[in-house]
Protein chains: 2
Amino acid sequence: MAPPVLLDLVQQGETISLNAHETLFSEGDPVQHLYCVAEGTMVLSRYSVSGERQIMAFLFPGDFLGITFEKTFILGSETLTKCTLLRLDHSVLGEVAANDPDVWQAMSEVTWRFLRGSMELTFTIGRKSAVSRIASFLLYLSFRQGGFSSPAADISLPMGRQDIGDFLGLTIETVSRCFTKLKETGCIALPSTDRVELINVDALRAAADVVD
Amino acid sequence: MAPPVLLDLVQQGETISLNAHETLFSEGDPVQHLYCVAEGTMVLSRYSVSGERQIMAFLFPGDFLGITFEKTFILGSETLTKCTLLRLDHSVLGEVAANDPDVWQAMSEVTWRFLRGSMELTFTIGRKSAVSRIASFLLYLSFRQGGFSSPAADISLPMGRQDIGDFLGLTIETVSRCFTKLKETGCIALPSTDRVELINVDALRAAADVVD
DNA sequence: CGTACATTTGACATCCTTCAAAATGAGTGG
DNA sequence: CCACTCATTTTGAAGGATGTCAAATGTACG
């Protein structure tokens, strides 16, 4: 899934470790490194003046951070769990990219994947009810954790309810109520607070309004 | 604002004209051309299975369409007004880009600008009230129409209330009510249905929750 | 076992939507 | 130039979905 060219590159860099709920960089920090998540889960987010957080993306192993042509980060990044990351100096990336069009290609590919995700999120938040948003989110996690050919039926939730709410534009209470509702309607089971089993995927897809 | 390299390129192509409310391309169509809006206003949008429209961006003169590495469009495009566009075959773009890193650079720049806009929209829809969304939207138009150094105080609305609603995740009624509310609070004046005057920009900024 | 924190549930308020009707505005023919 | 018609916008009233506030339950960790 992740472009091999970039993986190769980033594996030449250093490995860094972070604990859960640490900040890797903040909005406005100068862009110095290209990162790749090796283990753990992170978020990219933006805060309003009043301190509200909008999570723009969840990042899982294989995802990149810092693929940008901006001088400063327009999003902040925090860990949700313990994480290990691969890090490459941006100047090195620049040098390599100047001589290797494949690197440009790969960077564009990653950027476009991110853009698609961003538009998907806009669509989800703009046009869907709370239950639909949660259902969509669970299907998204299912794909991310199992791959597109074999979506996972047993999902882990490395993020808390607050994080999910900050992603989908909902409050924790609403998130919780929607989980309960999906459980009651037989779409999912909740064996524990950080785990979801997809019981009836068709019904879940219908709830997410992605019927085809 | 628009990268000169791309403008030069696209000016070598053909000029096409469209009437108001025509479709330039639809979601899923093969990407064959790079377009640049010369005159008029357009939208990029996506439809849900139930036929609801989410507008992802408004396009004004100088904006590009079809800067993508995908084979097919992931968004559809429609005109709001009479438009003229400059069109360049994508194969030509590919050839030039292969030899000229400046073109890649410019394309990335445009992509990132679009991405920033997309995240701005996510933030607006996810975290703001109806009035805040409308206020933010008006400030956005003010910048687009006057430039960042001299935002316009007299704004034209080439889009209808439905379009604004489809952009901000609101109904036409709510959009209308918010306009009325902003008028009543002295932030704006509505000399006609497609025109807005910014009376009290500070108050509007406060309403938009972008105080700094 | 006990504390601290996250999640769930409940009751109520609020905002936005929905449905319906009135007002406004643009285009057309008399 | 004025009346007529159609589409769009505005306004009103009522309902519903989500947010807010508060309490209870559940879970992790010392």
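These values consider heavy atoms only, across backbone and side chains, with no hydrogens, waters or symmetry-generated copies.
- Between L141(B) and L157(B), some side-chain heavy-atom pair lies under the 4.5 Å cut-off.
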Run the side chain to side chain contact (heavy atoms under 4.5 Å, CB included) check on T84(B) and I16(B) step by step: do they pass? CA-CA 6 Å; T84(B) 61; I16(B) 61 171; over 6 Å; no

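- Sorted by first and then second residue, the side-chain hydrogen bond (donor to acceptor under 3.5 Å, both in side chains) pairs with a member in residues 35-61 of chain B read E120(A)-R46(B), Y47(B)-E78(B), S48(B)-S50(B), R53(B)-E78(B), R53(B)-D163(B), R53(B)-D166(B); sequence neighbours excluded.
- Evaluation of the ring-ring contact (aromatic ring centres under 6.0 Å, His included) test over residues 166-192 of chain B, restricted to residues two or more places apart or in two chains, returns F58(B)-F167(B), F137(B)-F167(B).
- Counting non-hydrogen atoms under 4.0 angstrom, G169(A) reaches the backbone sugars and phosphates but no base.
- For the atom pair OG (S142(B)) and CD1 (I188(B)), the distance works out to 12.0 Å, reported to the nearest 0.5 Å.
- In this structure the side chain of E109(B) never reaches within 4.5 angstrom of the side chain of F69(A), judged on heavy atoms.
- Direction of the helix axis in the helix from dC1(C)-dG30(D) to dG30(C)-dC1(D) shifts by 30° between the two five-pair termini, rounded to 10°.
- Proximity of a side-chain donor or acceptor of S150(B) to a complementary backbone N or O of G146(B) within less than 3.5 Å is detected.
- Running 5' to 3' along DNA chain C, contacts with non-hydrogen atoms of chain B at under 4.0 Å begin and end at dC16(C) to dC19(C).
- Residue whose closest nucleotide on DNA chain D sits further toward the 5' end, between G160(B) and K181(A): G160(B).
- The closest side-chain heavy-atom distance from L44(A) to M119(B) is not below 4.5 Å.
- Of the possible polar contacts, one joining the T79(B) side chain to the N19(B) backbone as a donor-acceptor pair under 3.5 Å is found.
- Residue I172(B) contributes atom CD1, which lies 11 Å from atom C1' of dA7(D) at whole-angstrom precision.
- Here the side chains of V43(A) and M159(A) are not in contact, with every heavy-atom distance at 4.5 Å or above.
- Applying a 4.0 Å cut-off to non-hydrogen atoms, the residues of residues 119-135 of chain B that approach DNA chain C are S129(B), A130(B), listed by residue number.
- At the heavy-atom level, L170(B) lies under 4.0 Å from the strands shown only through sugar-phosphate atoms.
- One side chain, T122(A) or T122(B), offers a donor N or O that lies under 3.5 Å from an acceptor on the other.
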Would you mind building the protein contact string for nucleotides 20-30 of chain D? One character per nucleotide, 5' to 3', B for base within reach (heavy atoms under 4.0 Å), S for sugar-phosphate only, - for untouched. BB---------

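- The CE-C1' distance, from M159(B) to dT8(D), rounds to 16 Å in whole Å.
- Between F60(A) and Y140(A), the angle of the ring planes lies from 30° to 60°, which puts this pair in the tilted group.
- For H90(A) against V31(A), the heavy-atom pair with the smallest separation is CD2-CG1, 3.4 Å.
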